[in-house]
Undergrad: 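Have a look at the structure that comes next, please.
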Amino acid sequence: MNKASRDHTLITGARVIDPKSNTDKVLDVRIKDGVISQIGHSLSPDGAGHITATGLILTPGLIDIMVKTGEPGAEQRETLASAGLAAAAGGITTLVISPQTEPAIDDPAMVDFILRRGAEKASVHIVPAGGLTKDLKGELLTEIGLMAEAGAVLFSNGDQPVGSASVMKNALSYARGMNALVSNRPIEPDLGKGGVMNAGDFASRLGLSGIPAVGELIMVERDIALAEASGTTVLIDQLSTGAALDAVRRAKTRGVKVFCSASIHHLTLNELDVGDYRTFARLSPPLRTESDRMALIAGLVDGTIDALVSGHDPRPAEEKRLPFSQSSLGATGLETLLSAALSLVHNGDAKLPEVMAAVSFSPARMLGLDTGVIEVGKPADLVLFDLEKPWVCNANKLRSKSKNTPFDGRRMQGRVLMTFVQGVCVFDDRS
């Protein structure tokens with residue numbers, strides 16, 4: 001196979017899955033000048049770099065929402081460059097960067113900095129989420145309109161919830177006039193205070209303080225009610241419980257403008273994976289019960305969950321090699337998002353097109369991006385992967401600067417072989 005060219009590449013014989021058009025068939029796809037120029041059968045190479053993809057899957061590149069990096073302010077955790085390398089290896093072509101940086105992304109200048117820095121240093125698209133409140137303190141609203149003009153694609157406090165109902169109400173009212181997407185992490189601040197894992201029998205046996213599931217439900221119901229009253233769209237960011245998912249499902253049924261996302265960790269792991277105080281499994285939100293995990297899978301299948309995300313939150317070893325209650329929250333996830341999601345397919349829990357919709361077309365539609373599709377004239381942001389290829393996750397070999405993955409040592413099935421961003425091959429692991 002010849003090396004792919006930016007100007008003219010032909011991928012032949014791949015099983016093409018395009019969630020937007022419900023395409024799932026063997027096709028040839030031609031890339032020219034950064035866009036998809038032709039889709040069909042038995043296309044002529046015609047001087048193109050030719051990639052024979054028989055037996056492989058070709059889908060839109062993944063779009064990962066609310067990714068944490070350390071840049072600026074904590075580059076030892078992750079830089080935009082290292083995050084871009086990890087993303088490309090995981091088939092992710094667009095990263096939405098959380099505003100939780102130092103300083104926070106809470107004004108147009110910071111939005112512009114992330115856009116410029118990402119374009120200079122990263123191999124994938126980098127777009128920022130703007131801070132919803134100043135310094136992410138949950139008190140004073142930011143200039144949402146100016147940040148939207150500068151290029152912010154949504155507005156959030158990161159994993160710090162907006163605890164004040166009045167502030168959230170004002171934010172939604174303000175955002176409505178600009179058609180801006182407001183996101184909130186559903187954590188009730190008082191009920192979750194001091195908790196380090198899911199509340200329940202297992203936490204009690206470990207002697208660890210718990211975070212009750214009802215706190216998530218309370219915040220989800222509050223934000224749904226405020227969104228319904230204001231007519232503004234809200235994104236429930238990384239919910240983790242079946243009860244909260246049911247609330248979103250009911251709201252969608254009655255026409256409320258609500259989206260929701262879930263982390264792949266919460267669809268593939270549960271509270272028992274904390275095991276013997278495994279700090280790599282200390283996450284925000286915490287891993288929940290097996291019944292919650294199965295409820296989230298059902299929400300993915302029926303479309304209630306709009307975006308499946310990596311929950312990428314890099315933390316160096318010194319922040320994780322501590323007693324469980326003292327360790328930092330978070331896990332890396334860029335390189336494992338797709339392979340972990342494919343485990344749902346291999347286990348018979350979900351169909352491949354359902355999974356791919358949640359990591360590509362649905363988040364693109366939510367954010368108003370011109371990607372997430374395989375369509376003539378659209379950007380050639382694509383991933384080619386082997387659905388069956390086995391591999392073992394070795395944290396030390398991850399491209400992220402931090403190695404805190406709960407999947408370390410796990411046998412995975414399904415591996416990215418090539419990733420294209422605007423027709424450029426930014427990752428190639430076909431050897």
Side-chain angles (χ1 to χ4, degrees), residues 4 8-44 48 51-65 90-94 96 124-125 127 153 181 233 252 257 259-262 297 299-309 337-338 341-342 344-345 349-387 414 416-425:
H8 197 174
T9 302
L10 179 65
I11 303 170
T12 61
R15 177 185 169 191
V16 174
I17 295 178
D18 175 44
K20 179 183 178 182
S21 62
N22 293 317
T23 297
D24 184 355
K25 62 178 68 173
V26 175
L27 293 166
D28 301 343
V29 175
R30 191 187 303 277
I31 301 169
K32 194 169 185 179
D33 297 328
V35 301
I36 298 166
S37 63
Q38 194 176 8
I39 302 170
H41 297 281
S42 302
L43 300 183
S44 170
I51 299 169
T52 302
T54 304
L56 304 179
I57 313 291
L58 184 69
T59 71
L62 280 61
I63 297 165
D64 196 5
I65 300 174
I92 301 167
T93 53
T94 298
V96 180
V124 302
H125 301 294
V127 292
V153 295
L181 178 60
T233 304
K252 287 188 172 190
K257 298 177 182 177
F259 294 119
C260 72
S261 69
I297 292 174
L300 172 71
V301 171
D302 70 18
T304 303
I305 292 176
D306 298 281
L308 192 56
V309 303
L337 170 58
L338 180 57
L342 293 178
L344 303 175
V345 177
D349 293 324
K351 296 178 181 178
L352 185 55
E354 294 166 343
V355 170
M356 297 317 302
V359 293
S360 60
F361 174 61
S362 292
R365 179 183 56 185
M366 183 196 313
L367 298 174
L369 302 179
D370 193 31
T371 55
V373 298
I374 298 181
E375 185 177 307
V376 172
K378 295 296 185 180
D381 289 0
L382 304 168
V383 57
L384 185 70
F385 62 90
D386 185 336
L387 180 63
V416 173
L417 299 182
M418 300 185 77
T419 303
F420 298 86
V421 175
Q422 291 184 313
V424 177
C425 179

Undergrad: Is there a side-chain contact between Leu382 and Ile31 (heavy atoms, below 4.5 Å)?
TA: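 Yes. Closest side-chain heavy atoms under 4.5 Å.
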Undergrad: Starting from the C-alpha separation in whole Å, work towards a yes-or-no answer on side chain to side chain contact (heavy atoms under 4.5 Å, CB included) for Arg30 and Ile36.
TA: CA-CA 6 Å; Arg30 191 187 303 277; Ile36 298 166; over 6 Å; no
Undergrad: Search all heavy atoms of Ser360 against all heavy atoms of Gly61 and return the closest pair with its distance.
TA: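 Between these two residues, the closest heavy atoms are CB-O, 3.7 Å.
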Undergrad: I'd like to check Thr9 versus Ile51 (side-chain heavy atoms, cut-off strictly below 4.5 Å). Are they in contact?
TA: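 Result yes, sub-4.5 Å side-chain heavy-atom pair found.
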Undergrad: Of all the heavy-atom pairs spanning Pro363 and Ala358, show the shortest one and how long it is.
TA: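 Closest approach of Pro363 to Ala358: CD-O, 3.5 Å.
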Undergrad: Return the minimal non-hydrogen interatomic distance between Cys260 and Ile305, and the atom names on each side.
TA: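 Closest heavy-atom pair between Cys260 and Ile305: SG-CA, 3.7 Å.
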Undergrad: Quick one: do Ile63 and Val359 satisfy side chain to side chain contact (heavy atoms under 4.5 Å, CB included)? Show the steps, please.
TA: CA-CA 6 Å; Ile63 297 165; Val359 293; over 6 Å; no
Undergrad: To the closest 0.5 Å, what do you measure between OG1 (Thr304) and CZ (Phe259)?
TA: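 Separation between the atoms: 13.0 Å.
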Undergrad: Within the side chain of Asp306, is there an N or O that forms a donor-acceptor pair under 3.5 Å with the backbone of Ser261?
TA: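 Checked: no pair found.
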Undergrad: Taking side chain as C-beta onward, heavy atoms only, is Leu352 less than 4.5 Å from Asp24?
TA: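 Sidechains of Asp24 and Leu352: no contact.
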Undergrad: How long is the gap from CD1 on Ile11 to CG on Leu43, to the nearest 0.5 Å?
TA: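 Separation between the atoms: 11.0 Å.
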Undergrad: With sequence neighbours excluded, what pairs up with Thr59 under the side chain to side chain contact (heavy atoms under 4.5 Å, CB included) test?
TA: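 In terms of side chain to side chain contact (heavy atoms under 4.5 Å, CB included), with neighbours along the sequence ignored, Thr59 is linked to Ile17, Ile57, Met356, Val383, Phe385.
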Undergrad: Nearest 0.5 Å please: distance from the CD1 atom of Ile39 over to the NZ atom of Lys25.
TA: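 Separation between the atoms: 10.5 Å.
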Undergrad: Might you point out which heavy atoms bring Thr371 and Asp381 nearest each other, and give the distance in Å?
TA: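 It is CG2-OD2, 3.4 Å.
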Undergrad: Side chains of Val124 and Ile92: closer than 4.5 Å at any heavy-atom pair?
TA: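 No, their side chains stay 4.5 Å or more apart.
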Undergrad: Using 0.5 Å steps for rounding, measure from the CE atom of Met418 to the SG atom of Cys425.
TA: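 Met418 atom CE to Cys425 atom SG measures 3.5 Å (nearest 0.5 Å).
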Undergrad: Minimum heavy-atom separation for Asp349 to Val301, with atom names?
TA: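 Where Asp349 meets Val301 most closely, the heavy atoms are O-CG2, 3.5 Å.
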Undergrad: May I ask you to check whether Thr23 and Ser21 show a side-chain donor-acceptor distance below 3.5 Å?
TA: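 Yes, a side-chain donor-acceptor pair sits under 3.5 Å.
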Undergrad: Are Lys351 and Val345 close enough, and set up right, to give a side chain to side chain contact (heavy atoms under 4.5 Å, CB included), and what steps lead you there?
TA: CA-CA 6 Å; Lys351 296 178 181 178; Val345 177; over 6 Å; no
Undergrad: Hey, does Val16 have a side-chain heavy atom less than 4.5 Å from the side chain of Val26?
TA: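 Side chain of Val26 against side chain of Val16, heavy atoms only: no contact under 4.5 Å found.
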Undergrad: Can you tell which of Thr419, Leu338, Leu308, Thr94 makes a side-chain contact (heavy atoms from CB on, under 4.5 Å) with Leu62?
TA: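 Among the candidates, only Leu338 passes.
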Undergrad: At what distance, to the nearest 0.5 angstrom, does CG of Leu10 lie from OG of Ser44?
TA: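 Spacing of CG (Leu10) from OG (Ser44) equals 8.0 Å.
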Undergrad: Flag the pair Asp302 / Glu354 as yes when at least one side-chain heavy-atom distance between them is below 4.5 Å, and no otherwise.
TA: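 Not in contact.
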Undergrad: Can you list the steps and then say if Asp28 with His41 is a side chain to side chain donor-acceptor pair (under 3.5 Å)?
TA: CA-CA 6 Å; Asp28 301 343; His41 297 281; over 6 Å; no
Undergrad: Nearest 0.5 Å, please: how far is CZ in Arg15 from CG in Leu27?
TA: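 Here the interatomic distance stands at 11.5 Å.
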Undergrad: Can you find a pair of side-chain heavy atoms, one from Met366 and one from Leu181, that are under 4.5 Å apart?
TA: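 Yes, at least one pair of side-chain atoms sits under 4.5 Å.
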Undergrad: Is the closest side-chain heavy-atom distance between Val376 and Gln38 below 4.5 Å?
TA: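 No, their side chains stay 4.5 Å or more apart.
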Undergrad: Apply side chain to side chain contact (heavy atoms under 4.5 Å, CB included) to Lys20 and Arg365, showing your working.
TA: CA-CA 10 Å; Lys20 179 183 178 182; Arg365 179 183 56 185; over 6 Å; no
Undergrad: What's the shortest heavy-atom distance between Ala53 and Leu384, and which atoms?
TA: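 Shortest heavy-atom contact: CB-CD1, 3.9 Å.
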